[in-house]
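Scope of the values below: all heavy atoms of this structure, side chains included, with no hydrogens, waters or symmetry mates.
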Amino acid sequence: KNLSEGNRHQGFAKVIGKLNSSGFSVEDIFSILSPHAESVNFSLEELKDQVTRMCDIYSDQVKIFSTSIKSTASELDKFLE
């Protein structure tokens, strides 16, 4: 929505980041966003590159965040016992 030629990269980047941090795979993110990219004439090859690049760059941060949440949940469960 509202993805004009000048802000498509930024718009997709926000959504890619959100989906990546929520644990979606590169393939899932690409599948979800492909119809939207096509509707605004954004190259699917360019989308795939952007998704892959962003997921690679931020994969360590997602793993750290996920591990931190699991650790905190485990500690909370022990505390509540």
Nearest atoms (heavy-atom pairs only) where Leu44 meets Ser34: CD2-O, 3.8 Å

Intermediate values then yes/no, side chain to side chain contact (heavy atoms under 4.5 Å, CB included), Leu33 and Ile16: CA-CA 8 Å; Leu33 295 180; Ile16 293 166; 3.6 Å; yes

Nearest-0.5 Å distance, NZ of residue Lys48 to CD of residue Glu27: 5.0 Å

Side chain Ser22, main chain Phe24, donor-acceptor under 3.5 Å: no

Side chains of Leu19 and Asp28 in contact at under 4.5 Å (non-hydrogen atoms): no

Flag side-chain contact, heavy atom, 4.5 Å: Met54 against Phe12: no

